[in-house]
Amino acid sequence: MSLSTGSYCNLAGPSGGEGMAPHATPYSVGSIYTANTRQDVLQGSATVKDAWASELDNRILSWSNDFESYLDTFVPSSDPNPTLPALNNPFSEYDPKPGQEVKSYTGLLSGLDELMLGFGDKKMTFVDASSTPLAFPFYAFADNHHKSKPDIAISGPGVALTRNEVTASKWEKILSILEAKSDEAQDPFLRPGQVHDSTIIQLARNARNLMLTHGLLAAFVIGVYGRVVRVARFDHTCAVVSQPFNIHTDYEKLRRFFWRFTHPAIGKVVVGCDPTVSRLDVHDKAWVKDQLRPLGENLAGFDKDIVHARRTYVYDDKTATMTPYIMYKAVDMNARLFSRATTVWRALEDTRSRSDGMASKPKVRILKDSWRQVVRQSEASFYHRLADRIPEEERCGLPKLECGGDLGQWEVRQWEQTSPNVSHMDGQREIRLSPGPYNSPTDSDDPSSPSSRAEDAEGSSIAPPDTFPIPFPLHQTFSWTLALGPEYTFRERSHMRFVVEQVGRPITAFKNTRELVGAFRDAIYGHMLAYQKAGVLHRDISVGNILIVDKPGDGSCRGFIHDFDYSSMVEEILEALDEAPVDISSYGDVDVVWETDEEDSPSPDQEDVHANLKERTGTYYFMAMDFLKARDRPAIHTPRHDLESFYWVLLWVVLRHTKHKLGKRYCEALFVYNNDRSARDAKSGWVYRTDEDAATLIFFKNLNLTILLRSYHRLIRENTEKKVAITHESVLAIFDQALATPEEEWPVSDWEKCVLLEQTKSRDSLMHHVLTPSPPSQPPPLPALINSLRGATADAGTGTVAHPPQGSVRSAPGMINSTTTNAVKKRRNEAEPEDDADQPIAGPSRITSRGSTASKRRRTVAKANNKSSSRSRRNGSPRL
């Protein structure tokens, strides 16, 4: 890693960097969200360390006041000043020495146990966990994340924790972590030094795991460095670290922290717990199972999933009410700590308390929990815009909001009416309480407004209308504001929950590729509807934001996009740029409008609009190539960029989960992380392949998918070369043509497990297998094979969009016709191995047994490719 600890610890305040728009998200890459290879999840790998370093950079803040003020501000207690039995230096046997860190744990554990004297049923258990790697809390996502080794695991209050439970990675019984080092010089917050990076990363990783396991609003972890102690509070925007104190002379400070931590002012467990969330008891679990059986839900793995299930309240902006749901299975999870931290769950409304006859008839829903930046428009605005502007009979590929809203704004409105600390919001109220679809600025000033009266059952325990029991809200962060001042409010985040009617499963969990293609087609169609009908541009197409509909009916949607956190309202954007009203139905894909007037001096409105649109958003692996170019001239986000992201997501999925000639390890070299130039070169190398090279991507006994990917590739290349702009219509046309083929011509079940996270191989050893691109200005002639596939589709006509597909579709630019020949079938069957699990990494020069006809033919192709590669390098074309 190149970052020093000094860049982590921010004492004077962060800098957005030159050339960055005010309040824009920095160009940074966080910890791995979508893992590509085993290198992405190994704790000691450079990829993992660099990703964590980037995420923590300038987000570890030092509390400048004394420890008591830290406790009063961040650890509010229902009993802040207890009378506890006196202690006599409980850490007298703790004598840490360099090189004998683990040996000193005995004295440390003994002292921690003695601190619990007087805690009664709130006593916590401390267990040496230093020799026990703990797996990621959610087993379904464990392969995507490396294990962690906390030094000392701390149980919840009144919970007995054993070494065996720690060994079994029972995160649900752990509420805090203590990291111990033998020397004060190892305090990572004391001075700059690269050697300490791993210490901070370990604290952050453990805090992340605690927050995910328990749905915490904030997590507390403790660092002991020699005889020095610090407490660190992590939320989803930053960490605030206390001033150090001596464990021998000031042990009462640590004791007071533990007391306050286990006696929260709100909630039932510890400070930082979400009072709208509770664990399920045995009766809750039995009820959930009883409801799922008649719905035909797959209960395989239920016992593992239900461990992390929880009951939660969803606040609805429109009705100002709270509705209880039980989230019983995690579908998708963004495990980044300082981020939106989006988790997507399958959920049931808890109808047991209802009196309208629906007590036994809950329906499965999708529930999303996330943390938006306060400077971003609420996701609810986009959902309501979609509902208002797209007729129900036309809706496809888009989720329908059942209920949901911004818990953070709701809590802040109640806090500002009764708290003496409102001055901390001075000058920043408009940012924290930006108008939503059902509250205007005047509404939020009125104590009788619906948003101020949301007080349903247990939900009112967050903030009773007559008093606010804690210094600052928890569902909207105040960490930057408290540590550095209100001018840093733009970095805060607000807690959102939404429930949508459509129920889906991850796009990587397709049953067969026809289902996958159908889900992609409808998701792209939904993207087009959102843009052309409602003026909403998604801007974050990723593998986690496309879901397959579980049980689509005849003619109904097969897939949809969700997660509109990073979206833009296109109508307002165009009006600001043109200073004239815009008819949404008339503008289609208006790339040209956004790319003009580069040298003109923009108006203030235009500056804000351009800053918003030029902000790089999206999931790194699937970003369009334009966003991996020089950052001093960022691209404006347009529909064609999202359409390119759809391509990269589809390619990612089929390379990993289907059988094809290239081999699954090819995905490792093609999708590069945390290096813009390498990532761009890898993608451009793929896009600018010759058509003969492109023909090497052949799917086993799946000509339809092979043709679709080649057609999509051609659209991307023509768009990149600025020959023919890619459009929704042209993309939908190639999908419709693929789906128009009879179902029996598709494989019945061709999903395959991805093994990339189970194997380790250096990326460098794979790079030579990725094709060196041909110069963009001199595209190669079309081989006879592709000519035969294209048939009469060389015209530039625009494909018609049919929904649902009607079978006969006009060809779009770049579409490959599905006409087949015996030669094509022969080549397909000859080139595809029966099983690529034990094959070498596939590439244009892969050689079979020496002396065979196929071997000689491939060696000839390899020589030609080597010559082509040499010419490409001499011509200065990009290479990997």
Side-chain angles (χ1 to χ4, degrees), residues 5 8-11 56 59-77 80 90-91 94 108-109 111-112 115-116 119 122 124 126 150-157 174-181 184 186-190 196 199-211 214 216-235 237-265 269-273 337 470-472 474 477-479 482-483:
T5 312
Y8 288 152
C9 305
N10 197 315
L11 305 179
L56 298 176
R59 290 178 176 86
I60 308 297
L61 311 182
S62 178
W63 186 251
S64 58
N65 297 324
D66 59 28
F67 190 71
E68 291 305 318
S69 70
Y70 184 90
L71 293 180
D72 290 340
T73 303
F74 295 113
V75 199
S77 173
F91 294 98
Y94 177 55
L108 181 58
L109 289 167
L112 292 170
L115 290 184
M116 294 293 103
F119 276 54
K122 297 286 188 178
M124 296 183 293
F126 304 88
D151 292 335
I152 294 176
I154 306 175
S155 77
I174 302 173
L175 262 298
S176 187
I177 291 293
L178 186 148
E179 294 293 328
K181 302 297 179 186
E184 292 181 23
Q186 293 175 284
D187 180 353
F189 311 105
L190 186 63
H196 299 309
T199 305
I200 297 180
I201 290 173
Q202 181 73 346
L203 287 172
R205 183 188 304 115
N206 288 323
R208 185 273 311 273
N209 289 347
L210 291 169
M211 295 180 75
H214 303 284
L216 300 178
L217 303 176
F220 290 86
V221 293
I222 301 165
V224 178
Y225 311 106
R227 293 166 178 79
V228 167
V229 181
R230 289 186 189 261
V231 176
R233 177 191 183 274
F234 287 81
D235 55 30
T237 185
C238 69
V240 182
V241 184
S242 74
Q243 289 293 307
F245 57 88
N246 189 289
I247 196 170
H248 286 287
T249 59
D250 294 324
Y251 56 83
E252 282 293 344
K253 291 183 178 180
L254 184 57
R255 193 185 194 189
R256 285 198 296 277
F257 164 74
F258 283 136
W259 177 269
R260 284 172 168 260
F261 181 62
T262 57
H263 294 77
V269 187
V270 296
V271 175
C273 280
L337 176 59
I470 55 178
F472 299 95
L474 291 175
T477 64
F478 272 74
S479 305
L482 294 171

His263 and Pro80, any side-chain heavy atoms less than 4.5 Å apart
no
Which residues satisfy the ring-ring contact (aromatic ring centres under 6.0 Å, His included) test with Phe234, sequence neighbours excluded?
none
Between the NZ atom in Lys253 and the CD atom in Glu68, the distance rounded to the nearest 0.5 Å is 7.0 Å
Phe258: partners by ring-ring contact (aromatic ring centres under 6.0 Å, His included), with sequence neighbours left out:
Phe126
Just so I know, are the side chains of Leu216 and Cys273 near enough to count as touching, which here means a heavy-atom distance under 4.5 Å?
yes
Partners passing side chain to side chain donor-acceptor pair (under 3.5 Å) against Arg260 (at least two apart in sequence or in another chain)
Asp72
Sequence-distant partners of Asp250, salt bridge (Lys or Arg N to Asp or Glu O under 4.0 Å), two or more places apart
none
Side-chain heavy atoms of Pro157 within contact of Phe261, under 4.5 Å
no
Give me the atom names and distance for the closest heavy-atom approach of Leu217 to Met211.
O-CE, 3.8 Å
Residues in ring-ring contact (aromatic ring centres under 6.0 Å, His included) with Phe74, at least two apart?
Trp63, Tyr70
Tell me, do Val221 and Glu179 make a side-chain contact under 4.5 Å, heavy atoms counted?
no
Just verifying a value: how many Å separate Leu474 CG and Asp235 CG, rounded to the nearest 0.5 Å?
9.5 Å
Should Thr262 and Met124 count as side-chain neighbours, where that means a heavy-atom distance under 4.5 Å?
yes
What is the distance from atom NE2 of His214 to atom CG of Asn209, rounded to the nearest 0.5 Å?
10.0 Å
Over 60° means perpendicular and under 30° means parallel, so tell me whether Trp259 and Phe119 are parallel, tilted or perpendicular.
perpendicular
What closest approach, in Å, do Ser479 and Arg233 show between heavy atoms, and which atom pair accounts for it?
OG-NH1, 3.3 Å
Is there side-chain contact between Asn65 and Thr73, with heavy atoms separated by less than 4.5 Å?
no
Hey, mind stepping through Asn206 and Gln202 against side-chain contact (heavy atoms from CB on, under 4.5 Å) and telling me if it holds?
CA-CA 6 Å; Asn206 288 323; Gln202 181 73 346; 3.8 Å; yes
Heavy-atom closest pair, residues Ile470 and Pro76:
CG2-CG, 3.8 Å
Closest contact, heavy atoms only, Gln243 versus Phe67:
O-CD1, 4.4 Å
Rounded to the nearest 0.5 angstrom, the OH-NE2 distance for Tyr94 and His248 is 7.5 Å
What distance do Ile152 atom CD1 and Leu108 atom CG have between them, rounded to the nearest 0.5 Å?
4.0 Å
With side-chain contact (heavy atoms from CB on, under 4.5 Å) as the criterion, how do Arg256 and Leu71 come out once you've worked through the C-alpha distance, each side chain's angles and the decisive distance to 0.1 Å?
CA-CA 8 Å; Arg256 285 198 296 277; Leu71 293 180; 4.2 Å; yes
Would you name the heavy atoms of Phe189 and Ile60 that are closest together and state the gap between them?
CE2-CG2, 3.6 Å
Mind checking ring-ring contact (aromatic ring centres under 6.0 Å, His included) for Tyr251 and listing every partner two or more places apart, or none if nothing turns up?
none
Show, in sequence, the C-alpha distance, side-chain angles and deciding distance for Ile154 and Ile222, and conclude whether the side-chain contact (heavy atoms from CB on, under 4.5 Å) test is met.
CA-CA 10 Å; Ile154 306 175; Ile222 301 165; 4.3 Å; yes
Smallest separation among heavy atoms of Leu254 and Phe91, with atom names:
CD2-CZ, 4.4 Å
Determine whether Val224 and Asp151 satisfy the following criterion, side-chain contact (heavy atoms from CB on, under 4.5 Å), listing intermediate values before the conclusion.
CA-CA 10 Å; Val224 178; Asp151 292 335; over 6 Å; no
If you round to the nearest 0.5 Å, how far is CD1 of Ile174 from OG of Ser155?
9.0 Å
Measure the shortest side-chain to side-chain distance between Val231 and Val75 over non-hydrogen atoms and say whether it is less than 4.5 angstrom.
no
Are Phe472 and Thr477 packed together at the side-chain level, in the sense that at least one heavy-atom pair is separated by less than 4.5 angstrom?
no
